[in-house]
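Step one of this worksheet: look at the structure below.
Throughout, protein chains are lettered first and strands after them, A, B, ... in sequence-line order, and every chain is numbered starting at 1.
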Amino acid sequence: MKRENCGQLSGKDVGRKVCLAGWVHRVRDLGKLTFVDLRDGSGLVQLLFRGLPDARKLSCEDVIRVEGTVVLREAPNPDLPTGEVEVKVDRLEVLAQAKSPPFAVDEDPPKAGEETRLRFRYLDLRRPRMQRNLRLRHRTTMAIREYLDREGFIEVETPLLTRSTPEGARDFLVPSRLEPGKFYALPQSPQLFKQILMISGVERYFQIARCFRDEDLRADRQPEFTQLDLEMAFLEDPEELFELIEGLLSHVFQETIGVELSRPFPRLTYEEAVFRYGSDKPDLRFGLELVDITEAFAGTEFRVFREVMEAGGRAFALRVPGRAGASRKELEELEVVAKAHGAKGLLWLARGESGPRGPLARYLPRQEPLWEATGAQVGDLLLFVAGEPVSAAQALGQVRLELGRRLSLIPEGVWCPAWVVGFPLLEWSEEEGRWTAVHHPFTSPRSEDLPKLMAPDFPQERLGELRANAYDLVLNGVELGGGSIRIHRRKVQQRMLEVLGIGPQEAEARFGFFLRALEYGAPPHGGIALGLDRLVMMLAGESTLREVIAFPKTASGTCPLTGAPAEVDEDQLRQLHLKVEG
RNA sequence: GGGGACGUGGUCUAGGCUGGACUAGGACACCGGAUUGUCACUCCGGAGAUCGCGGGUUCAAAUCCCGUCGUCCCCGCCA
């Protein structure tokens, strides 16, 4: 007899003989009568055992097969999709007994701690929510492949054992057995391969690619993660790509959670993002925008501000409506947030009924310019951070997010994607004492800045002015991905590397294969990479990546299920020409 | 590399500030028994814990102190 799905039985099936198999979800033993909820991939159905005493020995998560007849229930259960019927069992076969599980599979949210869940991931994944997340992830990748296939993209796999190309994150290394002392690296992204595919005439490439970065982890960062990696030849205007990706995301949202995204997505410049929202990945679901009040403070007596201004800094304000009565404690907590993100402090000024209140009040004989600049009404609270423009704005941006949460300003079920464009090409690294690429070393500058990059006499110290032809896609304050128009001319690429402190010899050693490829007819090209795990996490409404990855790692990069990473035999080390110290 | 929170039977947790009647309490799970309409079944009985590990303070440590390990969150880091 053919096995059927538990979850699909209904009144229509009454009277049919069926064969079911699955896991024992719960047992209710009433003596001469035993009820068992049977679970399989499709759902739950109640089994009725009468005169089959073996049923009384069943326990949770045993795997069984039964044959029986679908009957109407005496007391239907409206909470269960199959609640109208039950299966009166006349044959029971135990396929596998289960030990008593460390946590119940029907708990949501699970009571067990995360480490326990990961150690028994196979049990955790049986939970309906995790099954839902796995399926959601599957549907997401299906929707991506459908859409991109239709748009003429082909999926090409690229190597996992590749070459370390430092610059960027720390690599995971794989020692070579055949070449003592040499190492493969796991890819941080398929960047150079996809560019080489452009040179190979693929024109429209994508890959759902695993990437590896050996950096410290976070709730939204795993050492191995999945990107939707995509590249197009003859892409010179990012708008063409924006349109494609907007269509892709809309399709994905429609197919997975039935949400219609409004298009086109807003475009923000990096400056707007940073100075209006205090973040290069702004959460646009709520207002509470920053205001630059440097002018309103011009000529202030207040030493702290005066010094900041003299050093070329700026001051930003956040107007918090109706919070003039904020408590000392609340303000201190907000200051902790600001300080944790690099602010020297958080100043405040409340526009109370009886005049301004706050430590700043006496330094501002005239508040009018401030009220005017910020639009502060009586009853409002102003918060200030002053300092180096970008970091001051970002610190206040973190305060903005905190207030958004505290004051419940962030609406549920709202999706606010946006493109952020116009990033700087380079940033100065104090630590390394050199310019580093904001995006990556293969990103093209904007065409109007190209001459500056190429001019040998362009002053080093002004390289920070150059803009990249790069873009980020943000969604509800989360960076979903980023990309750029790439450099497709060897000369430009070589110059870029030089600016990054990689001279011709070193460039040849590390990137020679790629520079050579650029010499054989490279089309202009560009693309993007989207964090698939993050996307699915958001679609699923989860707050960590671990909930949408079947077998994730802990924050210290271990796997409680397998015990990885683990020691290896001396013999294995010897074959790899490795010695472990300490 | 730095900061914070947590660690108590299989699981989740109470107790911890204010050390002593804590002989470590509860819930779920488990084991035995009862049970013919349950659906978080119910009822009766039972077993199960070196309080993460090491050291210290003390007459006395789950409780206080130091160290260490693990988990989680954050900063740095993540082109």
Checklist entry - What one-letter contact string describes nucleotides 24-36 of chain B from 5' to 3', where B marks a base within less than 4.0 Å of any protein heavy atom, S marks contact via sugar-phosphate atoms alone, and - marks no contact? => result -----SS----BB
Checklist entry - NA contact type, A:Gly342, heavy-atom cut-off 4.0 Å: base, sugar-phosphate, or nothing? => result nothing
Checklist entry - Whole-Å distance between B:rC77 C1' and A:Glu431 CD? => result 9 Å
Checklist entry - Taking the six-membered ring for Trp, is the centroid-to-centroid distance between A:Phe212 and A:Phe225 below 6.0 Å? => result no
Checklist entry - How would nucleotides 43-52 of chain B be written as a contact map, 5' to 3', with B for base contact, S for sugar-phosphate-only contact and - for no contact, using protein heavy atoms under 4.0 Å? => result ----------
Checklist entry - So A:Phe120 and A:Tyr122, would you call those rings parallel, tilted or perpendicular, with 30° and 60° as cut-offs? => result perpendicular
Next on the checklist: For a quick check, tell me whether the side chain of A:Glu86 and the base of B:rG37 share a donor-acceptor pair closer than 3.5 Å.
Outcome noted: yes
Checklist entry - Ring centroid separation for A:Phe172 and A:Phe183, is it under 6.0 angstrom? => result no
Next on the checklist: Just N and O in the side chain of A:Arg117: are any of them under 4.0 Å from OP1 or OP2 of B:rU71?
Outcome noted: no
Checklist outcome for this item: Closest of B:rU38, B:rC78, B:rC39 to the A:Phe35 side chain is B:rU38
Next on the checklist: Going by salt bridge (charged side-chain N to carboxylate O under 4.0 Å, His left out), name the residues that satisfy it together with A:Asp124, two or more places apart in sequence or in a different chain.
Outcome noted: A:Arg117, A:Arg121, A:Arg127
Checklist entry - With distance as the sole criterion, is a donor-acceptor pair present between the side chains of A:Gln46 and A:Arg28 under 3.5 Å? => result yes
